[in-house]
Structure formats: structure tokens, C-alpha cells
J.: 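Please find one structure pasted underneath; my questions will follow.
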Protein chains: 2
Amino acid sequence: MSSPSTPARGRPSRIDRALTVRTALDLLDRSGLDALTMRRLADAMGVQAGALYRYYATKQELLTAMSEQMMEGVTASAVGTDDASWSERLATLAHALRKALLARRDGARVFAGTHSTGVGVLGFAEALVGILREAGFSDDDAALSLYTVANFTVGHTLEEQAATDPENGGTTGVEKLRNAVTSGSDYPHLNRALSALTSPDFDRNFAFGLDLLVEGLKARL
Amino acid sequence: MSSPSTPARGRPSRIDRALTVRTALDLLDRSGLDALTMRRLADAMGVQAGALYRYYATKQELLTAMSEQMMEGVTASAVGTDDASWSERLATLAHALRKALLARRDGARVFAGTHSTGVGVLGFAEALVGILREAGFSDDDAALSLYTVANFTVGHTLEEQAATDPENGGTTGVEKLRNAVTSGSDYPHLNRALSALTSPDFDRNFAFGLDLLVEGLKARL
DNA sequence: ACCTGAACACCGTTCAAGT
DNA sequence: ACCTGAACACCGTTCAAGT
């Protein structure tokens with residue numbers, strides 16, 4: 001519980017936990033999650049890979065710290081609208097979560113693969129559940145709504161970042177979809193909806209889904 | 001376009017595309033996605049790893065075929081309720097998608113990491129968009145709804161399988177969450193909602209979120 | 001035509017040994 | 001106390017060579 005910390009006896013450390021997450025997030029932005037390896041991260045920090053394990057016991061633990069860092073300040077950024085309605089405050093919070101995930105390359109993938117219990121994540125959960133409880137929803141409905149909003153937002157952002165990642169060369173995914181849908185006559189409905197299907201305005205799409213959820217909540221109140 | 005197929009000259013092949021996906025899905029169920037390597041799969045098929053590349057150019061292509069296989073028959077399983085209302089038919093379809101992902105260990109992770117354009121996936125999309133278009137929704141709203149329902153379902157099932165996977169030892173995740181929420185007094189709302197938060201009835205949670213979306217759609221019609 | 005064998009360029013993680 | 005060096009047990013993918 002106090003290996004790389006407190007007194008400061010012996011040699012000063014060249015790296016620490018905070019510098020490691022920061023460098024990892026930088027590397028993530030530059031190269032993407034698949035290229036974020038312990039060896040490359042160590043390289044970027046001028047150290048051998050084994051040295052990282054003095055600060056994070058596993059790569060998974062580092063990824064969790066990265067998620068937590070990404071969520072730092074998300075809740076704070078979504079207040080100030082304290083006089084707004086519960087539905088507006090809920091929507092602001094959801095948009096703030098999406099924005100935080102979009103702020104880093106593969107942010108949604110990193111977040112989806114971890115389960116932080118730090119103040120970033122729990123503060124967000126507290127704020128969202130608080131808004132709904134104070135609006136009159138039951139404890140259960142508030143908890144279920146948290147999961148619904150979070151799962152939708154993460155699922156949506158996962159797709160968005162997969163579709164727009166530089167890794168997945170250009171417009172290849174959309175082109176394959178268009179070809180599959182337009183060749184043959186098996187998908188009449190998809191053909192009619194093709195333009196909305198293949199020119200995905202992600203902002204609009206997210207706002208649409210979030211509005212569905214909010215309207216559903218209003219109907220339940 | 002015809003390397004491992006058609007005539008049948010030379011030695012008969014010991015493996016093929018269909019057997020490869022089937023064995024891969026079996027291995028997935030037994031060992032999980034992280035243990036599904038090309039070498040282990042080759043072992044299970046009594047062949048060297050390099051041999052697999054005659055049938056699937058990359059592991060990603062194999063994973064896409066696995067996704068497509070998982071989706072085979074999903075749409076068919078969700079009809080028969082042809083006289084039901086559009087909202088019932090939509091819900092049935094969403095439940096069928098979730099069921100298909102839950103049917104395989106790490107099914108949601110496999111599905112989320114691929115973008116099949118086969119009949120399984122596109123047939124599902126066609127059915128969902130068809131239900132909404134015929135119910136009177138615009139082409140755009142039908143397309144946006146497809147993404148919303150799919151993203152919510154995949155996001156939800158991703159969380160569900162992460163929480164229930166044998167890999168993530170027992171109840172560790174829930175215990176950590178409970179400890180973090182109950183220690184200190186930073187999360188009054190989460191404490192009130194703790195039972196619903198930590199004893200997640202996933203069936204109920206999914207039905208709740210889906211109902212929110214459906215109610216939101218009804219309000220929009 | 002189909003598969004083997006062996007290699008290439010990597011991984012995450014551990015740990016004795018140096019300073 | 002902190003980090004290096006080197007190893008362990010793997011990866012995905014390629015490709016000449018055998019049959």
C-alpha cells in the first residue's frame with residue numbers, strides 16, 4: 001500500500017502513476033488503443049516495460065485509471081444549469097459523457113472495457129441518479145435509467161468511433177453497406193432509408209436516441 | 001474468388017470456412033474471446049495456424065463471419081407475431097437481438113467489434129426499419145431508430161456479459177462498487193439506489209430501457 | 001490444392017540483479 | 001527504492017517447401 005510513494009528515500013523515481021496515465025492518454029490519442037502497448041508506453045517514458053509494473057499491477061489497471069481520468073470533471077462541466085428542468089439537466093449530463101469519450105481516440109472502447117469506481121465515474125452516476133430522484137422518480141427507476149442512459153451513450157459512441165477511426169480506412173465501411181443494400185432487391189426498406197443509414201450525422205443520431213429516452217421517462221413520471 | 005472452392009481437384013481439404021466458424025464459436029463458448037486465438041483454433045481443428053489463412057484472410061474476417069453466424073435466424077425467430085402492433089414487433093425484435101448475443105460467451109463483444117453486411121445483420125435491420133416505416137415513421141426516423149435500438153441493445157449486453165463473465169471473478173465488480181459507494185458520504189443518491197444498482201436484474205433493466213425507447217417513439221408518432 | 005514448418009515482429013508479465 | 005536485462009509463454013501473419 002506504500003511502495004512507490006510517501007517518504008522519498010533511495011533514488012528519486014523517474015516516473016509515477018500520474019505521469020504514466022498522462023503519457024498513456026497521449027499515446028492513445030496519437031496511435032489508438034491497439035497500438036497502446038506496455039512496451040511502447042515505456043518507450044515513450046524513457047524506461048523499460050517492466051518498470052511500469054511498479055505503478056500499475058496490470059495493463060487493465062492502467063486502462064481503468066485512464067477511464068477515470070477521462071471522466072474527471074465531466075460532471076462539473078454539466079452543471080451551472082442548476083435552474084434547468086430535470087430533463088434538460090439529464091440531457092446535458094449525457095452529452096457531457098459522450099463528449100468526454102469522444103475527446104480521446106478510442107475513448108469509448110477504453111471506457112467500455114473498464115469499471116472504475118473513482119470519483120469521475122461515481123460522481124457522474126451520483127449526479128444522474130440525483131437528478132432523477134429529485135424529479136420524483138423512484139430509487140429503482142433512477143438506477144435503471146442510469147444504466148440505460150450510460151449503456152446507450154457508450155454503445156452509440158463505440159459505433160461512432162469505430163466508424164470514424166483513421167484505422168478503419170476512410171469510408172470503406174459505409175461503401176460496403178451501401179453496396180450490400182443496393183445490390184439485389186432483398187432490402188426495400190433499407191433502400192428507402194439509405195441516405196440516413198449511410199450518411200450518419202452522429203450528433204443528430206445521438207440527440208435522437210437521447211430524446212427518445214427522455215420522452216419515455218416523461219411518459220413514466 | 002475461387003481458391004478454396006468449386007472443382008475439387010488435388011487433395012480434399014480437411015477444413016473449410018463453415019467448419020472454421022463453427023469450431024471458432026464452440027471455442028468461444030468454452031474459453032471466451034480472449035482465449036480465442038488462431039493457434040488454439042487451429043489446434044482444435046487438428047491443423048497448423050497458417051492453414052486457417054487459406055479460408056479467412058485475417059482474424060477480423062473470421063470474427064465478422066462469427067457475428068454473421070450468430071445473427072442467422074434472429075429475424076425469423078422474431079416474426080410469427082405478424083398481427084401484433086408495431087411496438088410489440090419492435091420489442092420482440094430487440095429481445096431477439098439480445099438473446100442472440102447472450103447465446104454465446106462474449107457474444108456482444110464479438111458483435112460490437114465487427115460490421116457484417118450479411119443477411120443475418122441486414123435482414124435484422126430490414127425488419128426493424130420495415131416495422132417502423134409501415135407504422136408511419138419517416139425514412140430518417142426509422143433509420144435513426146434502428147441505430148438507437150441496436151446501440152442500446154449492444155451496449156447493454158456488453159455490460160451484462162462483462163458483469164457475468166466467469167473471467168471476471170465472481171461478484172468482485174459489484175463488491176467494489178458497493179464498497180466505494182457506501183464508504184464516505186459522497187454519494188447519497190447512489191446509496192439510496194444501491195440495491196437496484198448492485199443487484200442488477202438484467203432482464204428487467206433491458207426491458208426498462210427498451211420500454212423507454214418505445215414510449216419515446218410513440219410520443220413522436 | 002492444401003497444409004506444414006519455420007520464421008518475423010511483436011505481446012503482457014515476472015524477477016533476479018544492478019545502482 | 002527504482003529500474004534494467006533477460007527471460008517466459010505467448011500472439012497474428014507470411015511464405016517457401018513438401019505432398
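Quick note: numbers below take in every heavy atom, side chains included, and nothing from hydrogens, waters or symmetry partners. Throughout, protein chains are lettered first and strands after them, A, B, ... in sequence-line order, and every chain is numbered starting at 1. From a predicted model like this one, the values you see are computed outputs, not experimental measurements.
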J.: C:dT14 C1' sits how many Å from A:Leu52 CG, rounded?
T.: 13 Å
J.: Verify, without hydrogens or angle tests, whether B:Asp106 (side chain) and B:Arg109 (backbone) share a donor-acceptor contact under 3.5 angstrom.
T.: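 Absent.
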J.: Nearest-Å distance, CE (A:Met45) to C1' (D:dT4)?
T.: 16 Å
J.: Looking at every heavy atom in both A:Leu102 and A:Gln161, which two are closest together, and how far apart are they?
T.: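 Answer, listing the atom of A:Leu102 first, then A:Gln161: CA-NE2, 3.6 Å.
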J.: Are B:Thr182 and B:Tyr187 packed together at the side-chain level, in the sense that at least one heavy-atom pair is separated by less than 4.5 angstrom?
T.: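 Answer no - side chains too far apart.
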J.: In dot-bracket, 5' to 3', how would DNA chain D read with Watson-Crick or G-U wobble pairs under 3.5 Å, [ ] for crossing ones and | for pairs to another strand?
T.: ||.|||||...|||||.||
J.: Closest approach of A:Leu63 and A:Val110, non-hydrogen atoms and distance?
T.: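 Scanning both residues completely, I find the closest heavy atoms to be O-CG1, 3.9 Å.
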J.: Check B:Leu197 against A:Ala143 and note the closest heavy-atom contact, atom names and distance.
T.: CD1-CB, 3.4 Å
J.: Quick one: do B:Asp203 and B:Arg98 make a salt bridge, cutoff under 4.0 Å?
T.: yes
J.: When you compare D:dA17 with C:dC2, how far apart are their C1' atoms, in angstrom units rounded to a whole number?
T.: 13 Å
J.: Rounded off to whole Å, could you give me the OH-to-P distance for the B:Tyr55 and C:dT4 pair?
T.: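 It works out to 10 Å between those atoms.
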J.: What is the distance from atom CE of A:Met66 to atom CE of A:Met71, rounded to the nearest 0.5 Å?
T.: 14.5 Å
J.: May I ask you to decide whether B:Arg105 forms a salt bridge with B:Asp29, counting only side-chain N to carboxylate O separations under 4.0 Å?
T.: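 No.
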J.: Find the distance B:Gln48:CD to D:dT14:C1' and express it as a whole number of Å.
T.: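 The answer, rounded to whole Å, is 14 Å.
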J.: Within the distance-only criterion (no hydrogens, no angle test), does the side chain of A:Arg39 pair as donor or acceptor with the backbone N or O of A:Ala49 below 3.5 angstrom?
T.: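 No, the answer is negative, given that no donor and acceptor are paired below the 3.5 Å cut-off.
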J.: Walk along nucleotides 6-13 of chain C from 5' to 3' and tag each nucleotide B, S or - by protein heavy-atom contact under 4.0 Å, base first, then sugar-phosphate.
T.: -B---BBB
J.: May I ask you to decide if the ring planes of B:Phe152 and B:Phe206 are parallel, tilted or perpendicular, using 30° and 60° as cut-offs?
T.: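 Correct class here is parallel.
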J.: Could you go over nucleotides 17-19 of chain D and give all protein N or O partners under 3.5 Å, atom names and distances?
T.:
from	atom 1	to	atom 2	distance (Å)
D:dT19	O2	B:Arg11	NE	3.2

J.: Without hydrogens or angle criteria, can the side chains of A:Gln60 and A:His115 be said to hold a donor-acceptor pair below 3.5 Å?
T.: no
